[in-house]
Amino acid sequence: MRLALAIASFVVLLVHGLVFYQQFFHKWENYQTAYFDQARSMAKTDAEKAALAARSPRVEQLLVTKFGDMRVDRCSTCHMAMDDPRFDKHAQPLRTHPYSEALGDRQVNGKWERRHKFADFGCTVCHEGQGRGLQEEFSHGHDEYWPEPLAGYIVQENWRKEYQPKLKGKDYMQANCAQCHTEKGFSGTPMVEKGRQLFFSSNCYGCHRIEGMSDGTLGPDLSEVGKKFRVDYIWESIVDPRANLATSFMPKFHINEDEVRALVIFLKSRRGMNFAETGLQRYRAAIELKQPAGGTGAAMPTGAALLAQGEKSIADRACTACHKLGDKDGGIAPDLSYEGLVKSEQWIYEHFKSPATMTPDSIMPAFRIPDEEFRAMAAYLASRKTPLASASGADTYKALCQRCHGEKGDGHGPVAIYLDPYPRDLTKAGFINSKSTERLTNSIKSGVAGTSMPAWGQVLKEEQVQGVLQYVFATFTKEPRRELKPLKAPDQNPVASSADSVGRGEKTFVQRCSGCHGRKADGKGPNSLDILPRPRNLRNSYFVNSVTDRRLFESILYGVQGTAMPPWIDYGLSQQDVGDLVNFIRSFNPKPVLKSEASRSDNARGN
Amino acid sequence: MSQDTKSPSLWTNLREMPSNAWHSLFRNPLPADDLGRASTSFTNFFLHIHPVKVHMNTLRPLYTLGLGLISFFLFLILTLTGVLLMFYYVPSTSQAYDRMLDLRGTVAFGIFLRNMHRWAAHGMVGVVALHMCRVFLTGSYKKPREFNWVIGVVLFLLTLFSSFTGYLLPWDQLAFWAITVGTSIAGYAPVFGKEIKFLLLGDATVGQEALLRFYVLHVAVLPLVLTLFVAIHFWRIRKDGGLSRPAEADAPAPAAVKAVEPKQNKTYGLQGFVRGPFSKVGNVPDNTVFSWPNLIIAEVFVLVLTIACILLLSMVFDAPLEEPVNVMHPPNPAKAPWYFLGLQEMVSYSAFWGGVGIPTMFVLLLLAAPYLDRRPAGVGKWFARERLLANTIFITLVVVNVVFVIVGTFFRGPNWEFISPWK
C-alpha cells in the first residue's frame with residue numbers, strides 16, 4: 001500500500017512538473033526574445049538599445065472597437081516586427097507586414113505610411129483567424145472548429161482534399177475588404193466584382209435571395225452565407241450541390257475554376273449587414289430591387305443577328321444548366337430542342353416574363369433579364385423548328401418521352417420530380433385502357449394544357465404518333481386494349497351557372513373533395529401526400545379550360561381508373577350535384593388571355 | 001512573586017512559539033499506542049468523521065473499490081478547479097466564449113484547469129453511477145441503510161444535473177445544442193413539461209437567461225445542496241454502523257447469558273441478574289482495526305490516485321471547444337451530453353416514454369428498492385446467491401441503459417440514422 005502510494009504521489013509530482021513547463025515556456029517568448037536581440041543589433045542609438053534591453057517578453061494585444069463587436073487581436077505577440085520596416089527580409093513570424101500602394105499605403109519623406117493602421121484595424125478584420133489565441137494551432141485557425149481560419153492562407157485538415165489547394169491565395173481576403181468597400185466595381189476587390197457579375201449572369205439570383213440584390217426563393221437564402229459557412233463548404237456547394245444535401249436540385253453549372261473561385265469569394269463576402277452600411281442604405285437597396293427590370297433601350301437586331309444574339313444569351317445565361325437543348329442537358333427542366341414546333345414565340349416570351357402564369361405549378365424563376373434579351377431568346381427558341389426524323393416508336397419514345405415518363409414508362413423519368421403535375425405513369429393499365437385511343441392521341445399531338453406535356457403534333461408525323469402510342473401499349477401498359485362502353489354523361493353542363501349553383505357546388509366540394517384536392521382546390525389537400533398520381537390542381541386554369549364539361553362529368557361521376565379518384569355516383573352524387581361542382585370549379589378559372597393579345601385588342605380599340 | 005508562578009519570559013515564549021503553535025494545532029503527537037490512535041481520530045476535526053476503529057471488511061479494496069471516496073474526491077477537485085475557473089468566467093452570451101478562448105490561449109494554467117474540471121465532471125458522473133451499482137450488487141441498501149440509499153440516489157441525480165448545467169457554460173455549439181436537446185427532453189413531461197422547460201431556460205429557447213440560470217445553479221445552488229446531502233450521506237454511514245458487511249464477518253452471538261429467576265426476598269445488585277462472564281472484552285473475536293493509520297492511509301492513496309488520473313487525463317486530452325454558438329446552424333445530429341444519450345436514443349422511439357416515462361419509473365424504482373426488497377439475506381457480498389432476482393433485474397436495467405448510451409453515442413449519425421462507427 002505504501003509503495004503504491006509513493007508511486008502515485010510521484011506521478012502527481014511528475015505531471016505537475018510537466019504542466020509547469022508547458023504553461024510557463026511559450027514559443028512566443030522565444031520569438032519576442034529573438035526580436036529584441038535582432039532589433040538591438042540594428043539599433044542606431046544607445047538609448048534605443050537600452051530601451052530594447054529593458055523590455056521583457058509579454059503578451060501584446062490590440063483592441064479593435066470600430067468593426068462590430070470588440071476584437072482582441074494578440075497576433076503581435078508573435079508577429080512583433082509587423083510594423084517595423086527593418087524586418088522586411090526576415091522569415092515569419094518576425095517579418096514586416098508588406099507595404100502596398102494597392103492597399104492605399106503611401107510614402108511620405110521616404111517612409112511608408114499605412115492606410116489601414118494596425119491600431120485601428122487590428123489583424124483579424126482583414127485576415128480572419130482567432131485573435132485571442134497565442135498558439136499557432138488556434139490563432140491561425142488550424143483547429144477545425146474555428147469558423148474563420150486565416151483567409152487564403154490556412155486550409156483546415158477536414159476540408160476536402162481536392163479543394164484544399166484551390167482555397168489558398170491572397171484573393172480570398174477580398175471578401176473581407178468588401179465588408180467596408182461595398183461600392184460596386186471597387187478596384188481593390190476584382191474577384192468580388194467578378195463573382196457579383198457571375199451571380200447574375202449565371203442566373204444564381206433566380207433561385208437564391210441575397211438581401212438587397214435578389215429575391216429568388218427556390219434555393220437557400222444567401223444573405224449571410226459568408227458568416228455561416230467556410231469557403232470549402234461554399235466551393236463544394238457550387239461544384240457538387242448534392243454533396244451535402246442529396247435532395248438538392250441545384251444544377252451543376254458549366255463554369256471554370258476561376259469563376260467558381262470568384263463566386264466563392266463573392267459569397268464569402270455576404271455576411272448580412274456589413275461594417276460600412278446603415279439600415280437606411282439596406283432599405284433603399286431593397287426598394288430598388290422591387291423596380292421591375294426594364295429594357296436597356298438598346299436597338300434590337302433583326303433576322304439572323306437576332307437569332308444569333310438569342311442563341312448567345314441562352315448559352316451565357318446558363319439555361320442548359322436546367323434545360324435540354326440539343327446535346328446539352330441540365331437534367332432538371334423540359335427539353336427545348338423542338339420549342340419552335342411546340343410553342344409560339346409570343347408564348348415563350350410571356351413565359352420568360354412570368355413562368356408561373358403560363359404553367360401554374362412551374363418552378364422556373366422569373367429572371368430579371370433585360371427585355372431585349374428575352375425577345376432575342378424567344379425568337380431563337382421559336383426558330384428551332386426541325387422536326388424529329390422518322391424513327392420507330394421505341395426510338396421516338398427514347399428521344400422525346402423518356403426524359404419525363406422514364407425508361408420503364410412509370411412516370412419516374414430523370415426530370416420527373418421537378419415537374420408538377422407529375423408525368424403520367426404509363427404502366428397503369430387501369431388508366432390507359434379506360435381512355436380512348438383518340439384522347440391519348442390528342443394528348444400527344446396537342447399536349448396537355450397547363451402542364452409540362454408539350455404538343456408534339458408538329459414534331460411528329462401522324463404515323464410516328466401512332467407508332468409511339470402502340471409502343472407504349474405494347475411495352476408498358478401490356479394489357480390488351482378493351483372496348484370502351486360509352487358513359488352516360490351530358491356533353492354540356494345541364495345546370496346553368498348561377499351564384500346559387502356555385503354556392504351549392506362549393507358546399508359539396510368542401511364536404512367531398514377538399515380532403516384530396518384541398519380547400520383551395522389547389523390539389524394540396526391533407527390526403528394528397530399519400531396519393532400518386534397527385535390530385536389535380538383545379539386552379540390550373542389552362543388545364544381546367546382545356547377540359548370539356550363531358551370529361552369533368554365523366555371523371556367525377558365514374559372516377560378516374562388508375563388513380564385515387566373514386567366514382568362519386570356510388571357515393572350518392574347526382575347529375576345536379578356534379579353540375580353544381582363543375583360550375584363551382586369553372587367559377588374560379590376564368591378564360592385566360594395572353595397579355596399581348598389583350599394589349600393588342602386594347603390598341604385596336606384605341607385605334 | 002514566587003519563582004514557579006512567574007510567567008515565562010517573552011524570550012522563552014518566542015523561542016517556544018513554533019512548538020506551541022504546532023501542539024495547539026495538532027493536539028496529539030503522532031500516535032504510538034492505541035490510546036493515541038483513538039484520540040487522533042476524535043480530536044481532529046477533519047478526522048473525527050471516522051470511527052476510532054473500523055471493520056476489516058471496510059478496508060477490503062475489492063469490496064468497495066473505493067468508488068464512494070473517488071466520487072467525493074472528484075467533487076473536491078471540481079470545487080477547487082471550479083472556484084478558480086469562476087475568476088475568469090462571465091456568464092454572458094457575448095463574453096463566455098471569448099473567456100473560453102482566453103482560458104485556452106492566454107491564462108496561465110487556464111486550459112489545464114478547464115481540462116481537469118471537464119474530465120473530473122465526466123468522471124464523477126461515471127464513478128457515482130458505478131458506486132450505486134456497487135451498493136446495489138452488494139445488497140448494502142438493506143435495513144438499516146435504506147434511507148442512505150435514497151440519499152445516494154438523490155446525490156446521483158444532483159451529480160447529473162450539476163454536470164448538465166455546467167455543460168452549457170462554454171457557450172459553444174456543443175454546449176448550446178446539447179442543452180437545447182436536453183431541455184427539450186424535459187419538455188416532453190406531461191402537464192408541467194413546458195413549464196419546467198421554461199423555468200429552466202427563462203425563455204422559450206436557450207439564450208442569455210438560460211446561461212445565467214444554469215450558471216447560478218451550477219456554481220451556487222447545486223454545489224450547496226450537493227454538499228449538504230454528502231454530509232448527511234457520510235453522517236448516516238456512521239449512524240448506520242459503518243459500511244455494510246456480511247453477517248458472518250461480525251462478532252458471533254455472545255455466549256448465552258441467562259436471566260436469573262429473582263427471589264422475592266432478596267436484594268440484587270444489577271450484576272446479580274445475569275450469569276456468565278460479565279465482560280465481553282477478550283471474549284469476542286475483534287474484527288476491527290484502528291482507523292489511524294489503516295483507514296487514513298487507504299483514503300490518502302485513493303485521493304492521490306484520483307488526482308494522478310485526472311492530472312494525466314488533463315495532460316493528454318484537451319476539453320472540447322467547438323464553434324461559437326450559431327443559433328441558425330444546428331449540427332446534425334445535435335446530441336445531448338453522453339450520460340443523457342440513452343434518454344435521447346429512447347426519445348427517438350417515443351418522446352414521452354423515452355424522455356420522461358421510463359426514466360421516471362427507473363428513478364422511482366431505484367428510490368423504492370430498499371422498501372420493496374426487505375429480505376435481510378445476502379447483505380455484504382458481491383452477487384450474493386440469495387439476491388439473484390434483485391441483482392438480475394438491476395443488472396438488466398443497467399445494461400439496457402448502457403447499451404442505449406453506447407448506441408446513442410457511437411451509432412447515431414445525421415438525422416439520428418444508424419451508422420457504423422468503424423466506417
Side-chain angles (χ1 to χ4, degrees), chain A residues 1-26 28 58-61 68-72 74-75 77 130-139 141 143-148 220-221 223-225 227-230 233 244-246 272, chain B residues 59 61 77 92-95 97-113 115-116 170 172-174 293-316 318 320-332 414-415:
Chain A
M1 178 60 88
R2 278 162 208 248
L3 180 68
L5 182 59
I7 294 171
S9 310
F10 181 70
V11 170
V12 172
L13 196 71
L14 198 71
V15 175
H16 269 93
L18 286 171
V19 169
F20 271 77
Y21 177 78
Q22 198 185 26
Q23 296 292 323
F24 283 127
F25 294 87
H26 301 111
W28 56 263
R58 60 168 203 184
V59 175
E60 304 278 349
Q61 64 184 18
D69 296 338
M70 189 183 81
R71 288 162 185 260
V72 180
R74 303 200 171 112
C75 315
T77 305
Q130 182 198 304
R132 284 172 183 264
L134 286 179
Q135 292 140 292
E136 195 184 328
E137 154 89 3
F138 295 122
S139 46
D143 169 28
E144 61 171 295
Y145 290 120
W146 185 249
E148 300 163 345
D221 188 331
S223 305
E224 299 193 346
V225 66
K227 199 155 76 180
K228 283 186 202 160
F229 300 109
R230 286 167 235 204
Y233 184 91
N244 281 295
L245 184 65
Chain B
L59 293 175
I77 294 175
S92 134
T93 51
S94 58
Q95 287 195 56
Y97 188 80
D98 286 343
R99 295 294 175 141
M100 290 298 124
L101 294 180
D102 282 351
L103 274 173
R104 181 169 72 185
T106 319
V107 175
F109 299 110
I111 178 71
F112 201 69
L113 278 179
N115 292 350
M116 280 183 79
D172 60 350
Q173 282 285 75
L174 183 67
N294 301 293
L295 179 59
I296 307 294
I297 202 165
E299 287 180 353
V300 171
F301 173 67
V302 173
L303 172 65
V304 172
L305 198 67
T306 311
I307 293 178
C309 288
I310 293 297
L311 285 177
L312 279 175
L313 271 178
S314 308
M315 275 291 294
V316 181
D318 276 348
L321 184 67
E322 296 195 350
E323 287 100 335
V325 166
N326 184 346
V327 184
M328 303 305 292
H329 195 214
N332 190 2
N415 304 326

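As the structure is a prediction and not an experimental result, all values here were calculated from the model. Computed over heavy atoms, backbone and side chain alike; hydrogens, waters and symmetry mates excluded. Letters go in sequence order (proteins before strands), and every chain restarts at 1.
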Just give me the residue among [options] that pairs up with chain B most often, heavy atom to heavy atom, under 4.5 Å.
| options | value |
| --- | --- |
| V59(A), V72(A), V19(A), L134(A) | V19(A) |
| Y145(A), F138(A), F229(A) | Y145(A) |
| S139(A), A4(A), A6(A) | A4(A) |
| K228(A), Q130(A), Q135(A) | Q130(A) |

Under 4.5 Å from any heavy atom of chain B, what part of V11(A) do you find: side chain, backbone, both or neither?
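Looking at V11(A), just its side chain touches chain B.
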Which atoms of D143(A) approach chain B - backbone, side chain, both or neither, heavy atom under 4.5 Å
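Side chain only.
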Where does [X] contact chain A at under 4.5 Å (heavy atoms): side chain, backbone, both or neither?
| X | result |
| --- | --- |
| V300(B) | both |
| L321(B) | backbone |
| D172(B) | neither |

Heavy-atom closest contact (V304(B) atom, S9(A) atom, distance)
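Nearest heavy atoms, V304(B) then S9(A): CG1-N, 3.4 Å.
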Looking only at non-hydrogen atoms, find the nearest pair between E144(A) and E323(B) and report the distance.
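That closest heavy-atom pairing would be O-OE2, 4.4 Å.
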Ring-plane angle category for F24(A) and F109(B), please: parallel below 30°, perpendicular beyond 60°, tilted otherwise.
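If you compare the ring of F24(A) with that of F109(B), the planes turn out perpendicular.
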Quick one: which of H26(A), R132(A), R74(A) gives a side-chain hydrogen bond (donor to acceptor under 3.5 Å, both in side chains) with T106(B)?
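With T106(B) as partner, H26(A), R132(A), R74(A) yield a single side-chain hydrogen bond (donor to acceptor under 3.5 Å, both in side chains), made by R74(A).
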In Å, rounded to the nearest 0.5 Å, how long is the span from CD of E224(A) to CG of N326(B)?
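Separation between the atoms: 9.0 Å.
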In terms of heavy-atom pairs under 4.5 Å, which option from L305(B), D102(B), I307(B) contacts chain A the most?
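That would be D102(B).
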